[in-house]
Amino acid sequence: MWERTLQDLIRGLRANKKDEAKFIAQAVDEIRHEIRDKDMELKAGAVLKLTYLQMLGYDMSWASFHVVEVMSSPKFHLKSVGYLAATQSFGQDTDVLMLTTNLLKKDLNSNPADVAVTLNGLSHIVSPDLARDLSRDLVSMLNHSRPHIRKRAVIAVYKVLLKYPEATAYALTRLKEKLDDPDPGVVAATVNVLCELVRRDPRDYLPLAPRLFHLLTTSSNNWMLIKTIKLFGFLSPFEPRLVRKLQPPITELISTTPAISLLYECVHTCIVGGMLQSASGHSLAELCVTKLAAFLQDPDQNLKYIALLAFVKIVPSHAHLVAQYQDMILSSVNDQDISIRMRALDLLSAMTNRDNLQSIVQQLLSHLVHPDPASLPTAAQSLAQNAVSISPSNLKTPVNPSQSPAYRLILSQRILSMLSQDTYSNITDFQWYLSVLVDLAYVASVDVGSQIRDQLVDIVGRVRAVRRWAVELMIRLLSDETFLLNAKEEGSCAEVLWAAAWICGEHCGELAEPHKLLPYLLHPNISILAPEIIETYLQAATKVFGFWAAELAHRWDNDNLPKVKEVVDTIIARMGEFASSPEIEVQERAANALQLFTFVRADISAYRPKTESDYRFTEASTSFDATQGQEPEFPKSLLLIRPLFSAYDLNPVAAAAQSHVPVPEGLVLEEWIVPPPKDPVAEHEVSETLDEEDRPAKKNKGKGKAKTTNGAKINGDKKKKKKAGERAVLTPVEKAVETPEERAERERQRALRLERQRDDPYYIKDNQSQQNIEDIDSIPVVRLDDMPPIPGPQDSLKLPSLLRESVTAIFSEPIVIDKDGEMPEGAAPPPSVPPSQKPSRPASPSSNGTPIQVPPSFPPYIVDEEIPRIGTPEPIKVVRAKKKRTGTSGKNKVKRVAEGSSAADR
């Protein structure tokens, strides 16, 4: 009978590509018959064909037992087929693995050829049970007379130690001996295995340091040296004496080796092993930085990448050495490879300090500026270039990597992170800082507006000396109509307008002519902005008018009356437009402001300027006493709005301030402010329950004794009788646990209350899960290349002026940054952070190598545990006391129980 071989199976698969499934199904049926045959040659051929099909994705787990049969064959070529099939198809959950223990023990003690095949197969199929049963046999194989067997045994021991770590105690001794093996292949395999084991727990392998040091100083194999140096990189942090011992040989290798892989491994080991932080590590650090700088100039992109990675690790301890190559690092930000650009940004973020922050940020900003259309080639120039002979070098068109939206977003976020690092500790010029934030809002073209907004508001709140300059910048931003019209475009950073309106409204006292800002705050085009931004515009307009009107009242002149009327009429007209907005918050804010200004207009219309005869009897003064009948010489409504917003100073708040606010005594948050409507169904159930209780109970047979609900007997003669109409006094013994029916009713009432409150715009809800997610795909993509720059000094005539002509004088005294923020009155100061837990920040570089730590990310907002409420009463539980039938009406009892039920719900 003729059987199909593996070669025939492969030819058949190639010949039946159109109907491969049918052919394979037929072949598997043939294999099922062949694999049950007693002929081991035929069985091994079937297993070999199954192994090939398994590599194509077809399951052969059903033939696991037949694979073990082929593994047990005494013939080497059949045994190798069985072990090959086992390595391909066996897993940790294969049932027949338990049958292979004795087979593996037997094969490990067989001839060298069988031992080699067995060790190779065992390395792939070893399980925890096999590792436990065969660990000592494998360790003994490390002393085999054949070098290739010892090398395979070392690899097999590694796989066993992964599955059965308890064998490390007696396997480590033999592995230590293999470091002195006469065969270099066995030594190389041992070093490779140790390099993998040491990274799991280096402390267990510290006794191997002398043998490894001997290999480091005597070996000439670069691969062996790389693995040995990597081993010392894991061991050095746990043994300080190794640092001093390793510095001379590693320094020599760095200075002399031409192998780049070995050079980088030496540098990396010096960094992770702590050799650069030692007393004599400064010269070694200079050598490492010099070698890495050469990698940055190499055309090989892989060398640039690993050099940037190593620089990031050197910066915390030797930033001044890395800073010497700042220009080379900045040039990597323009690289075409995105991975190199990202590593360069990581390095720049880590090496920033007070001295180089401005130069780094300015150069990073230049990467975000869109190319000038005027610099692009014209049509004639393009045709002339095409006329030139085309070469492969001419076909390569440079592409600006900064134009990728994803990369621009990362670059913008890195710039913001550098600026705000450690609460602006690296900022020396806050005028420059605010200008950079505004410039970034123009050139970013990505969604970082919310981050810029938060930093603008935070800086103005923390640094009082910069508020005047901030107001001037924000006025220029608000007056830029092009920026406003582009607010709906993608990446427009429209949230910055929220910060501009808020800052101008909160600090309008810095302006000499605040009323000139009102047309920009009430411009008709602001309707295209988001609702929260429009609210801030309207609120800022109200604040600005209130401040301007109050200042005008202190220096009132009757000639100002027409101007005030004109401004008020304009505000009312604009507020009326926003009062009909479809957004409920905008509508409410505009309606409230409209009522205020309507009152102001009525008061101004009724105001009559005083004549000269009136001044004969009254003294002109801005202060007046209404209780004594004194009238001011200006409209009283000018002082109406400013006190609404100037009662308290707005200062930065400490992070833990909210958790330290004491709860007022007597405040009970569980009580109903407005009792819920009574449920007629529940009242009917309570009425029926009381009617049943009022019925006469059956008399108990006995001598005045009755049983309670829990089975305990009480004396009926000593039982106290309550008068008719007297309410039962609830004692702790009489209190009952809430029944399931009462709990279900309370949950139903609560669900009804939440349903009513869900659509109530006047109820404050704290539901962060229901957020409106914008449809990003529907946002139009529009380039913002034509956006004009910030208005310059020539446009200052159109804008409100500051109280002083120059803002540079306000920086003559030292700038104070309020980093802590204020705490509520009477609150305990926040607990001090231990020095070990304080976030580190980089210091200025020094010539003596002062360590500089990597800037950490901002700490998470941690809220203390909830303070227990003071004065919160225990929930009231009401039980129904059994009474004798009296003349008390059932209606009164229903009333009392209903009152108790509502109290329990509260």
Side-chain angles (χ1 to χ4, degrees), residues 1 3-7 9 27-55 58-142 144-146 148-160 163-164 167:
M1 182 179 179
E3 289 83 13
R4 198 192 311 266
T5 63
L6 177 61
Q7 290 79 6
L9 177 66
V28 170
D29 289 339
E30 295 178 1
I31 291 172
R32 288 181 183 273
H33 292 287
E34 295 173 0
I35 206 168
R36 288 194 292 266
D37 197 281
K38 294 183 179 180
D39 187 2
M40 191 60 67
E41 295 282 350
L42 186 60
K43 188 187 296 288
V47 169
L48 189 60
K49 289 187 288 184
L50 276 179
T51 305
Y52 179 79
L53 293 177
Q54 195 271 343
M55 290 188 291
Y58 296 92
D59 182 44
M60 63 169 292
S61 59
W62 55 271
S64 298
F65 183 78
H66 301 291
V67 172
V68 175
E69 288 181 331
V70 178
M71 290 169 60
S72 62
S73 174
K75 296 182 180 180
F76 175 76
H77 67 284
L78 301 181
K79 184 184 292 292
S80 60
V81 171
Y83 276 103
L84 173 63
T87 58
Q88 287 293 118
S89 61
F90 283 8
Q92 297 296 309
D93 54 349
T94 303
D95 297 334
V96 297
L97 275 179
M98 60 182 297
L99 304 177
T100 61
T101 304
N102 292 329
L103 172 63
L104 293 172
K105 283 180 174 287
K106 177 183 176 183
D107 289 343
L108 287 176
N109 295 319
S110 183
N111 58 77
D114 291 347
V115 172
V117 173
T118 304
L119 289 174
N120 182 58
L122 178 60
S123 300
H124 292 83
I125 67 174
V126 62
S127 64
D129 293 335
L130 286 178
R132 182 192 64 237
D133 299 333
L134 300 176
S135 58
R136 294 192 178 275
D137 297 279
L138 286 174
V139 171
S140 63
M141 295 296 296
L142 295 177
H144 198 275
S145 59
R146 302 289 183 94
H148 70 94
I149 300 297
R150 295 199 300 272
K151 183 168 61 174
R152 294 171 185 265
V154 169
I155 306 300
V157 166
Y158 167 67
K159 295 297 186 69
V160 167
K163 301 293 183 180
Y164 185 61

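Considering all non-hydrogen atoms of both residues, T94 and S64 come closest at CG2-OG, 4.1 Å. Between L50 and M60, the closest heavy-atom pair is O-SD, 3.6 Å. V47 and A85 get closest at one heavy-atom pair: CG1-CB, 3.5 Å. The two atoms that bring L97 and F90 nearest to each other are CD2-CD2, 3.9 Å, heavy atoms only. Scanning both residues, F76 and A113, for their nearest heavy atoms gives CE1-O, 3.5 Å. Across T101 and M98, no two heavy atoms sit closer than the pair OG1-O, 3.7 Å.
Residues M40 and K75 form no side-chain contact, since every pair of their non-hydrogen atoms from C-beta on lies 4.5 Å or further apart. You'll find the side chain of Q92 reaches within 4.5 Å of the side chain of P128, heavy atoms only. Contact check for M141 versus R146: no side-chain heavy atoms found under the 4.5 Å cut-off. You'll find the side chain of D107 stays beyond 4.5 Å of the side chain of M71, heavy atoms only. You'll find the side chain of R150 stays beyond 4.5 Å of the side chain of L142, heavy atoms only. V157 has its side chain out of reach of V154: every pair of non-hydrogen atoms, C-beta onward, lies at least 4.5 Å apart.
Atom CG of L48 sits about 9.5 Å away from atom CD1 of I31, to the nearest 0.5 Å. Separating the OG atom in S110 from the CG atom in L108 is a distance of 9.5 Å, to the nearest 0.5 Å. Here the CG-OG distance, from L53 to S89, works out to 12.5 Å after rounding to the nearest 0.5 Å. One distance of note links CG of L134 with NZ of K163; it measures 14.0 Å at 0.5 Å rounding. Atom CD of E34 is separated from atom NE2 of H66 by 12.5 Å, given to the nearest 0.5 angstrom. Separation of atoms NE2 (H33) and CG (L42) is listed at 12.0 Å; rounding is to 0.5 Å.
The list of salt bridge (charged side-chain N to carboxylate O under 4.0 Å, His left out) pairs with a residue in residues 121-142, not counting sequence neighbours, reads K105-D137, D129-R132.
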Using atom types as modelled, flag every donor-acceptor pair under 3.5 Å from a side chain in residues 115-127 to any protein atom, sequence neighbours excluded.
unit_1, atom_1, unit_2, atom_2, d
T118, OG1, D114, O, 2.6
S123, OG, L119, O, 2.9
H124, ND1, N120, O, 2.8
S127, OG, L130, N, 3.4

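Atom CE of M55 has more than 12 heavy atoms from other residues, nucleotides or ligands within 6.0 Å. Sparse packing is recorded around NZ of K151, with 12 or fewer heavy atoms of other residues, nucleotides or ligands lying under 6.0 Å away. Other residues, nucleotides and ligands contribute over 12 non-hydrogen atoms within 6.0 Å of the OH atom of Y58. Heavy-atom neighbours of D29 CG from other residues, nucleotides or ligands within 6.0 Å: above the threshold of 12.
Of the charged side-chain nitrogens involved, none lies within less than 4.0 Å of a carboxylate oxygen, so that K49 and E30 do not count as a salt-bridged pair.
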